[in-house]
Amino acid sequence: MVQGTLSTTQLLYDAQWQRGLGSSLVFGIAQLLDQHYRGILILLGHQVGLTQGDLQKLVGAFNPKGCACAFYHGAPGVPALFRAETFHHLTKLFGPRGAKSL
């Protein structure tokens, strides 16, 4: 997880990464809970083909009641944008499916 502004960046390592994407999401969200963010954008490092336009479309589709996400291969996926009100759900994830249940 990378957190910060252009002038400060903090890299965090999930020592339980082998438990699946859910574990990494829980770890990352736990680091943000006391920061009072309005939302979080989740991306995967191997999604190098994403463009600024792709992310702008995602922000434009943002659901005021929860989230907005990509949809491919017949299922929701990342990138995904979650409102702070959904963070408590994200902290209960586990396994390789990440936040697909949300």
Side-chain angles (χ1 to χ4, degrees):
M1 179 180 107
V2 177
Q3 170 185 330
T5 65
L6 292 178
S7 62
T8 64
T9 301
Q10 181 181 12
L11 298 177
L12 303 169
Y13 177 76
D14 175 20
Q16 303 296 320
W17 63 267
Q18 70 278 8
R19 292 187 176 179
L21 183 57
S23 173
S24 294
L25 288 170
V26 168
F27 174 79
I29 294 296
Q31 309 308 306
L32 301 176
L33 288 178
D34 64 345
Q35 302 295 319
H36 306 291
Y37 288 102
R38 296 184 329 197
I40 183 173
L41 174 62
I42 297 174
L43 302 156
L44 298 178
H46 70 275
Q47 295 181 307
V48 297
L50 286 172
T51 66
Q52 181 179 354
D54 294 329
L55 298 178
Q56 287 174 334
K57 286 179 189 176
L58 184 64
V59 169
F62 192 45
N63 179 341
K65 295 186 179 185
C67 65
C69 66
F71 193 86
Y72 45 88
H73 302 297
V78 288
L81 184 57
F82 294 91
R83 283 205 173 280
E85 292 81 8
T86 65
F87 287 2
H88 66 283
H89 295 294
L90 292 169
T91 62
K92 297 177 182 174
L93 299 173
F94 61 91
R97 295 190 46 88
K100 284 186 186 282
S101 63
L102 299 178

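Values reported hereafter were calculated over all heavy atoms of this structure, with side chains retained and with hydrogens, waters and symmetry mates removed.
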Between [X] and [Y], which heavy-atom pair has the shortest distance, and what is it?
X: A68; Y: F62; result: CB-CA, 3.4 Å
X: C69; Y: G77; result: CB-O, 3.3 Å
X: Q47; Y: V78; result: NE2-O, 2.9 Å
X: I40; Y: F87; result: CG2-CE1, 3.4 Å
X: F27; Y: Y13; result: CZ-O, 3.4 Å
X: A80; Y: F82; result: CB-CE1, 3.5 Å

> Considering residues, nucleotides and ligands other than Q18, do more than 12 of their heavy atoms fall under 6.0 Å from its CD?
Replying inline: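 Yes.
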Rounded to the nearest 0.5 Å, how far does [atom2] of [Y] lie from [atom1] of [X]?
X: L55; Y: L41; atom1: CG; atom2: CG; answer: 6.0 Å
X: K57; Y: T51; atom1: NZ; atom2: OG1; answer: 7.0 Å
X: L90; Y: T86; atom1: CG; atom2: OG1; answer: 5.0 Å

>> With a 4.5 Å cut-off on side-chain heavy-atom distances among I, L, V, M, F, W and Y, is there a chain of contacts connecting F71 to V59?
In response: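 The answer is no; the residues belong to distinct hydrophobic clusters.
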> Out of curiosity, does I42 fall in the hydrophobic cluster containing Y72 (side-chain heavy atoms, cut-off under 4.5 Å, transitive links)?
Replying inline: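 Yes, Y72 connects to I42 through the hydrophobic network.
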> Of the options L50, D54, L44, which is the one that meets P79 in a side-chain contact (heavy atoms from CB on, under 4.5 Å)?
Replying inline: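 In the set L50, D54, L44, the residue that makes a side-chain contact (heavy atoms from CB on, under 4.5 Å) with P79 is L50.
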